[in-house]
**Q** 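Dumping the structure here so I can ask a few things about it.
Note that the coordinates shown come from a computational prediction; the quantities given were computed from them, not determined experimentally. First listed ligand is number 1; within each ligand, the first listed atom is number 1.
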Amino acid sequence: MDRRERLIARARQGYRLAFGVEPTRFVAAPGRVNLIGEHVDYNEGFVLPCAIDRETVIAFGPGAKDAKVPRLEAVALDMGDMASARDGFDLAGLIHRGDNNWQNHVRGVIQALGRYGHRIRPMRMAIAGDVPIGAGLSSSAAFGVAVALAASEYSGLGLAPEKIAKMAQIAENDFVGCACGIMDQMASAASVAGHALLLDCRSLEHMPIPIHRRLAITVIDTGLRRSLTESAFNERRAECEAAAAHFGLTALRDLELGRLEAAHAALGPVLYRRARHVVSEMGRVEPVAVALATGDTAALAALMREAHLSLSADFDVSLPPIDRLAALVAEALGEAGGVRLTGAGFGGCLVAVTHKDATGAIDDAIARYNADADLPARAEIFRPSDGAAPIVLG
Ligand code: GLA
C-alpha cells in the first residue's frame, strides 16, 4: 500500500466506524510549500508555490436516512477519538461557530458556499490527512479545500478551482479568524504535478511553471513553533495595509521602489521595512520562475538568499536559530541551490531548491546545526504534486 492508499483506507474505515455504512466517493487536496513570493498574496502580487505529496483525503456519502432535518455530519480522524472529533449541523439553518478549529473549517466552508447561493445536499464525511500540522505546509488549506471539493462534488456544483479556493479562504478569514491570503488554497486547488504555480493573487489567473528535472525541493522543519502565529500574521497584514493606504493604494502590489524610497521618513521605519520587503519580494518572483524552469541553481542561490534576508530583516518573521540554519545550509550549498524561510514564518520551515545531487550537503548542514540546537531540525524531500481532485478508484 502506498501513502495515498493508506490514507484512503483510513478514511474509509473511519467513515464505516462513524456512520455504519460504506462511503460512496473520495476526494483529496494537498498541502503546499511556497517557493517565492512570501507575504505577497494579501498584497495582491504574484506568488510561486507548489503542491506537495501530502494531503487531506475525505471519504463521503449521503446523509443519514432517518435524519429529520438536512444535516452535514463530519468526523475528523486526526483530531481526536471517534466520540470527540465529530460534528454535525443543520444545513437549512444558520451555521454557527463550533468549539474548535477543525469544526470551523468545515462549518465555515459550508456557510461560505451557502452565502454564494450553493445548496449542499445532506452528506457525511470522514476526513484523514498526512500534511504535518502546524509546520507551515498548509494543512488547514488542504483541509478546507478538501471539504469544499467534497461538498461541490456531492451536490453536483462543479465548482472551478478558484471558487473552491475562495470558499476555503473565506472559512479561514471569517470562521477561524486568520486573515490569510489566497495563496495556500489556490496552490492546493490548482497545482499541476512537476510544476510550481505562478499565481496572480489579484486576478487569480495562474500558470504552471515547469520545475527542471535536475532540481529537488527539500523542506527543512526547524521544529520551532510560535504560538502567536495568527495574531502576528494579522498584525503584518495590517501593517501592509497601512503602508498601502499611506500611498492611497488599495494594495502594495502597485507600489514602486522609487515612490517607497521617497516616502521613507513619512512612513516611519517599521512600515517602510514592511513595504520594502513586499516590493523587493515581488521583484524576485519572475526571476525565480525562470531559474526553476531552466534549472539555474546559482540564480536560485542568490535570489533565495536575498528573500530570506528580506523576511528576516525587513519583515521580522524569522527567529535567530532559523537565520543560523539558513546560513549554514546556504553555505553548504554554495551555487548548487538556494534556501529560505517559507510560509508565514515565526517558526516553521525552510525550503531549499537545489540540484538533486546537493541534498547531501543539506543533511551535513543540518547535522552541524543539530549538534548544538535546542530543537533538532529535519529535512524531507517533497514531490511537486497535482492539486485537489476526486479520487478515481481503480
Ligand atoms: C500563510 C498564509 C498565506 C500567505 C503566507 C505568507 O501561509 O496563509 O496566505 O500569506 O502565510 O506568504
Side-chain angles (χ1 to χ4, degrees), residues 29-52 54 101 104-105 108-109 131-145 162 164-191 196-202 204 206 219 221 225-226 228-241 244 251-253 274-275 277-282 284-285 288 304 307-308 310-312 314-318 322 340-351:
R32 67 93 188 92
V33 60
N34 188 22
L35 305 180
I36 198 74
E38 214 63 86
H39 289 278
V40 163
D41 60 351
Y42 53 83
N43 291 297
E44 300 185 5
F46 283 80
V47 296
L48 192 66
C50 74
I52 57 172
R54 294 289 184 280
N101 246 359
N104 287 325
H105 285 283
V109 164
V131 187
I133 295 173
L137 296 174
S138 291
S139 59
S140 42
F143 194 103
V145 166
E162 294 82 349
I164 297 277
K166 201 74 205 151
M167 298 301 111
Q169 185 202 16
I170 293 174
E172 292 229 21
N173 290 168
D174 297 357
F175 259 62
V176 182
C178 177
C180 66
I182 191 71
M183 170 173 74
D184 307 342
Q185 293 78 11
M186 276 299 288
S188 179
S191 287
L197 189 77
L198 181 62
L199 169 68
D200 178 343
C201 296
R202 177 169 277 169
L204 297 194
H206 50 91
V219 173
D221 189 348
R225 308 278 182 264
R226 200 187 260 180
L228 291 177
T229 304
E230 265 162 27
S231 57
F233 181 89
N234 294 350
E235 181 186 294
R236 288 297 177 283
R237 183 167 181 162
E239 287 165 347
C240 289
E241 283 164 3
L252 288 179
R253 177 198 179 122
R274 303 297 186 253
H277 163 71
V278 174
V279 173
S280 70
E281 182 78 350
M282 290 192 298
R284 286 184 280 269
V285 175
V288 167
M304 291 176 81
H308 183 86
S310 176
L311 281 171
S312 177
D314 279 351
F315 218 64
D316 280 326
V317 293
S318 188
I322 298 182
R340 65 170 196 87
L341 180 62
T342 183
F346 318 107
C349 294
L350 297 171
V351 62

**Q** I need the atoms of ligand 1 closer than 4.0 Å to a non-hydrogen atom of C180, numbered in the order shown.
**A** 2 (C), 8 (O), 9 (O)
**Q** Using a 4.0 Å heavy-atom cut-off, which part of R32 comes near ligand 1: side chain, backbone, both, or neither?
**A** side chain
**Q** Before signing off on this row, confirm whether N34 and ligand 1 have an N or O atom pair separated by under 3.5 Å.
**A** no
**Q** Got H105 and E172 here, is their nearest side-chain heavy-atom distance under 4.5 Å?
**A** yes
**Q** Just which atoms of ligand 1 are under 4.0 Å from any heavy atom in A344?
**A** 1 (C), 11 (O)
**Q** With sequence neighbours excluded, what pairs up with A238 under the side chain to side chain contact (heavy atoms under 4.5 Å, CB included) test?
**A**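 Side chain to side chain contact (heavy atoms under 4.5 Å, CB included) check on A238 returns nothing, list empty.
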**Q** Under a 4.0 angstrom heavy-atom cut-off, which atoms of ligand 1 come close to Y42?
**A**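 This gives 10 (O) as the contact atoms.
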**Q** Counting from 1, what ligand 1 atoms have a heavy atom of G181 closer than 4.0 Å?
**A**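 Answer, ordered by atom number: 9 (O).
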**Q** Between R32 and S138, what is the shortest heavy-atom contact and its length?
**A**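 Heavy atoms only, the tightest pair is CZ-OG, 3.1 Å.
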**Q** Do C240 and V278 touch side chain to side chain, with heavy atoms closer than 4.5 Å?
**A** yes
**Q** Considering only non-hydrogen protein atoms, determine which one is nearest to atom 5 (C) of ligand 1 and report residue, atom name and distance to 0.1 Å.
**A**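 Among all protein heavy atoms, the one nearest atom 5 (C) of ligand 1 is M183 CE, 3.8 Å.
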**Q** Are any non-hydrogen side-chain atoms of R274 and L252 less than 4.5 angstrom apart?
**A** no
**Q** Can you label the angle between the F233 ring and the Y42 ring as parallel, tilted or perpendicular, going by 30° and 60°?
**A**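 Geometry flag for Y42 against F233: perpendicular rings.
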**Q** Under a 4.0 Å threshold between the charged nitrogen and the carboxylate oxygen, would R236 count as salt-bridged to D316?
**A**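 So D316 does not pair with R236 through a salt bridge.
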**Q** So, is G37 polar-close to ligand 1, with some N/O to N/O distance under 3.5 Å?
**A**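 Looking only at distances, the answer is no, because the N/O contact criterion of under 3.5 Å is not met.
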**Q** Under 4.0 Å from a heavy atom of F233: which atoms of ligand 1 are those, numbered in the order shown and with their elements?
**A**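 Reading through ligand 1 atom by atom, the close ones are 1 (C), 2 (C), 10 (O), 11 (O).
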**Q** Roughly how far, to the nearest 0.5 Å, is CG of L48 from CZ of R284?
**A**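 The CZ atom of R284 sits 13.5 Å away from the CG atom of L48.
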**Q** Nearest protein heavy atom to atom 9 (O) of ligand 1, by residue and atom, and its distance?
**A** D41 OD2, 2.5 Å
**Q** Note the single closest protein heavy atom to atom 1 (C) of ligand 1, along with its residue, its atom name and the distance in Å.
**A** D184 OD2, 3.7 Å
